[in-house]
Amino acid sequence: MMKMTDASLANKSGTYLEETLEQLLKAQDIPYRRQSHGKSQIDFIINDSIYADCTNQNSVGSVEEKIPHKVWKYWKMYQYKDVYIIKGKWNVSPKVLEHLEDASIAWGYTTHIVSIDEFMSVVMNEPKKDSPLEQFMRKEIPSIPTNTHDSP
């Protein structure tokens, strides 16, 4: 038996995440479109307004470094304002989050990196929690001191 490469393991893991999301959407009777196999499309468009791509990474690897390009490529196709990257157990590195923040400023779309549970909360209009990118952006914004002294 041939040993699976890192890429084939990632593809198997990503497919599992896509299938899990599809089952959850069906169980909640939420309308969606799923990508056609073999085509370069975003994984899911939900309610004709929520764009999501499953990028399941559960250990160190290069998948996360491809996220900014993937998000930009799909933005060119769909012109969305928000896109959701549904992740596995691996947390996206600060450098990739910084790259996504720069793209947000340059192109005007926002990337939300979320778990499948967080994503389903969004789809079902439950109260929102900040994504790792939003947390990162909030930490990086320096506070500007204000002068509270009265003039004589």
Side-chain angles (χ1 to χ4, degrees), residues 3-25 28 30 32-35 37 39-148:
K3 184 179 176 188
M4 294 182 84
T5 65
D6 289 343
S8 61
L9 287 171
N11 285 340
K12 185 176 180 182
S13 178
T15 300
Y16 173 77
L17 188 59
E18 289 174 30
E19 289 170 358
T20 301
L21 178 58
E22 186 168 36
Q23 289 173 0
L24 290 169
L25 294 169
Q28 295 297 323
I30 297 170
Y32 68 91
R33 285 182 284 154
R34 186 172 175 183
Q35 74 168 337
H37 291 288
K39 293 198 175 183
S40 181
Q41 301 171 331
I42 199 157
D43 291 338
F44 290 89
I45 301 174
I46 296 137
N47 290 325
D48 290 324
S49 62
I50 300 173
Y51 297 84
D53 203 73
C54 297
T55 304
N56 196 16
Q57 183 169 338
N58 293 313
S59 62
V60 68
S62 64
V63 171
E64 72 171 352
E65 293 177 359
K66 298 173 183 175
I67 293 172
H69 180 72
K70 177 191 292 194
V71 167
W72 171 81
K73 177 178 74 173
Y74 292 148
W75 173 76
K76 296 289 271 184
M77 292 173 72
Y78 301 106
Q79 295 295 304
Y80 46 61
K81 290 291 182 190
D82 291 277
V83 63
Y84 293 84
I85 299 296
I86 303 170
K87 68 178 190 74
K89 296 174 187 169
W90 188 256
N91 288 323
V92 177
S93 74
K95 282 294 179 189
V96 172
L97 294 175
E98 183 179 2
H99 190 163
L100 291 167
E101 179 185 6
D102 289 347
S104 174
I105 293 166
W107 302 107
Y109 58 81
T110 302
T111 303
H112 307 274
I113 310 262
V114 295
S115 69
I116 196 161
D117 292 335
E118 292 167 328
F119 181 71
M120 287 305 295
S121 292
V122 169
V123 171
M124 297 182 67
N125 292 318
E126 294 175 358
K128 180 184 173 298
K129 296 177 184 175
D130 285 347
S131 71
L133 177 58
E134 292 162 330
Q135 293 171 14
F136 175 80
M137 290 172 63
R138 191 173 52 250
K139 280 196 303 188
E140 294 295 316
I141 300 171
S143 60
I144 300 171
T146 57
N147 186 355
T148 57

Undergrad: Measure across Y109 and W72 and return the closest heavy-atom pair with its distance rounded to 0.1 Å.
TA: OH-CA, 3.4 Å
Undergrad: What heavy-atom pair brings L17 and I86 nearest, and what distance separates the two atoms?
TA: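 Between these two residues, the closest heavy atoms are CD2-O, 3.4 Å.
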Undergrad: Step by step, would you call F44 with C54 a side chain to side chain contact (heavy atoms under 4.5 Å, CB included)?
TA: CA-CA 8 Å; F44 290 89; C54 297; 4.1 Å; yes
Undergrad: Counting only N and O atoms by type, is there a donor-acceptor contact under 3.5 Å from the side chain of Y80 to the main-chain atoms of W75?
TA: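 Between the backbone of W75 and the side chain of Y80 there is a qualifying donor-acceptor contact (under 3.5 Å).
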Undergrad: Examine distances only and state if a side-chain atom of Y74 and a backbone atom of A52 form a donor-acceptor pair shorter than 3.5 Å.
TA: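 No: the side chain of Y74 does not pair with the backbone of A52.
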Undergrad: Checking side chain to side chain contact (heavy atoms under 4.5 Å, CB included) between V71 and each of T110, I113, V83, which is the one that passes?
TA: V83
Undergrad: Could you go through V114 and I85, starting from their C-alpha distance and side-chain angles, then the distance that decides it, and tell me whether this counts as side chain to side chain contact (heavy atoms under 4.5 Å, CB included)?
TA: CA-CA 6 Å; V114 295; I85 299 296; over 6 Å; no
Undergrad: First locate atom CD1 of I42, then atom CZ of R33, and finally report the distance between them rounded to the nearest 0.5 Å.
TA: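 Taking CD1 in I42 and CZ in R33, the distance rounds to 11.0 Å.
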Undergrad: Would you say R34 and L21 make side-chain contact, with heavy atoms under 4.5 Å?
TA: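 Of all side-chain heavy-atom pairs linking L21 with R34, none is under 4.5 Å.
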Undergrad: Are a donor atom and an acceptor atom from the side chains of Y84 and E118 found within less than 3.5 Å of each other?
TA: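 No, E118 and Y84 have no side-chain donor paired with an acceptor closer than 3.5 Å.
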Undergrad: Nearest 0.5 Å, what's the CD1-CG distance between I50 and L25?
TA: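 Rounded to the nearest 0.5 Å, the CD1-CG separation comes out at 9.5 Å.
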Undergrad: Using the salt bridge (charged side-chain N to carboxylate O under 4.0 Å, His left out) rule, collect all pairs that involve residues 69-86, keeping only residues at least two apart or in two chains.
TA: D53-K70
Undergrad: Within this structure, what is the OG-NZ distance for the pair S115 and K87, rounded to the nearest 0.5 Å?
TA: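 One finds 6.5 Å between OG of S115 and NZ of K87.
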Undergrad: Output, in order, the C-alpha distance, side-chain angles, deciding distance and verdict of side chain to side chain contact (heavy atoms under 4.5 Å, CB included) for I67 and H99.
TA: CA-CA 9 Å; I67 293 172; H99 190 163; over 6 Å; no
Undergrad: Within the side chain of S104, is there an N or O that forms a donor-acceptor pair under 3.5 Å with the backbone of L100?
TA: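 Pair absent, no side-chain N/O of S104 close to backbone of L100.
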Undergrad: Atom OG1 of T20 and atom CD of E22: how far apart are they, to the nearest 0.5 Å?
TA: 10.0 Å
Undergrad: Could you measure the distance from the CE atom of M124 to the CZ atom of F119? Nearest 0.5 Å is fine.
TA: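 Output value for this atom pair is 12.0 Å.
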Undergrad: Looking only at heavy atoms, which two atoms of M77 and Q41 are closest? And how far apart?
TA: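 Minimum heavy-atom contact is CE-CA, 4.4 Å.
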Undergrad: With a 4.5 Å limit on heavy-atom distance, are the side chains of E65 and K95 in contact?
TA: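 No - every pair of side-chain heavy atoms lies 4.5 Å or more apart.
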Undergrad: Can you measure from CD1 (I45) to CG (N47) and round to the nearest 0.5 angstrom?
TA: 11.5 Å
